[in-house]
Asks: 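Mind having a look at this structure? Questions to follow.
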Amino acid sequence: MENLLIGIDLGGTTVKLAFITQAGDIVTKWEIPTDKSGDKIIPDIAEAINAKITELKYTKEQFVGVGMGAPGPVNFEEGVVYKATNLGWREMYPLKADLESNIGLPAVVDNDANVAAIGEMWKGAGEGAKNLLCVTLGTGVGGGLIANGDVIRGANGAGGEIGHITSIPEGGALCGCGKTGCIETIASATGIARLAKEAIQGGNDSSILRTKFEKTNDITSKDVFEAAEKGDKLAQEVIDNVTYHLGLALSHVANGLNPEKIVIGGGVSKAGDQLLLPLRKQFERFAFPRVAEAAEIAIARLGNDAGVIGAAYLAKTKL
Ligand SMILES: [Zn+2]
């Protein structure tokens, strides 16, 4: 096989790696743990790639280059990560240069949420769309915006940070970014769980969630969707609140982008139609009618592979 691409998705706990064809098919994929001290991350990755090339009896000449998605804002042109404190990297870490010198292949790097959005555009739920809004509802809320087939990176690498749209202007919950009331504090798995706990503590109506909470002292977003499925009123109110704010936030972004597709990924998206149907309703209520008409809302298809596939696409198109 010739002209293979290497896709890397660097996360806080694991590094996902894959060899991918020019058509976007995964030849092989695997994971290694992320070295928390930061210094060994890139040497570890280089070693893992070299070992895999040997194992599969490839040669380095069969590879075009490496694409990588990394957490934190990235200067795309220079290949520098501004700040990724959870990886132990100093300010302005020269990620592209480090990858190239360690692996011996040309490299391109971008923000991880952008790379996941590119993956969904190439081979996932956004396939065929050139204007795409991707939102990942996980522990936090990540976002990627694609206009005319290319990611919007913005003036200093913070383009597409949909998670930090202010939804509660006054008195909202504190967000990891330092502001309060971000959509991340409402529509992330953590946010949904928090809203459910607040609803339980703020009332005394009977609910499956109340019984669960009194027994285990914990509620997850999955519990909320499961309870709503069984007709639980309190759980449904939490979902209605979440989809109201998310639909409103997405309508604002969509009015600026006019996307063909809005792709919802992350753990919370496993709720499927339970999330999509009320979200669609709220989105249509708030978006400019012509924008709502064009935008199909779909669940992400690539799951954990979105990052490596999007990273490989960057290597294919930008090197
Ligand atoms: Zn925030």
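Because only heavy atoms are used, hydrogens play no part in the values below, and waters and symmetry mates are left out as well, while side chains stay in. Numbering of ligands and ligand atoms starts at 1, following listing order. Everything quoted here is computed from the prediction, not taken from an experiment.
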Asks: Does a donor on one side chain and an acceptor on the other come within less than 3.5 Å for Lys60 and Asn50?
Replies: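 Looking only at side-chain atoms, Asn50 and Lys60 do form a donor-acceptor pair, the distance falling under 3.5 Å.
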Asks: Just by distance, with hydrogens left out, do Asn241 and Glu237 show a side-chain donor and acceptor under 3.5 Å apart?
Replies: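 Absent: no donor and acceptor within the cut-off.
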Asks: If you take the centroid of each ring, where Trp contributes its six-membered ring, are Phe19 and Trp30 closer together than 6.0 Å?
Replies: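 Close enough - the centres of the two rings lie under 6.0 Å apart.
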Asks: What residues, two or more places apart in sequence or in another chain, satisfy salt bridge (charged side-chain N to carboxylate O under 4.0 Å, His left out) together with Lys179?
Replies: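 Residues passing salt bridge (charged side-chain N to carboxylate O under 4.0 Å, His left out) with Lys179: none at all.
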Asks: For the Zn ion (ligand 1), state how many protein N, O or S atoms fall inside a distance shorter than 2.8 Å.
Replies: 4
Asks: Can you hop from Leu248 to Val253 via hydrophobic side chains spaced under 4.5 Å?
Replies: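 The answer is no; the residues belong to distinct hydrophobic clusters.
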Asks: Is any side-chain N of the basic residue among Asp205 and Arg210 closer than 4.0 Å to the acidic one's carboxylate O?
Replies: yes
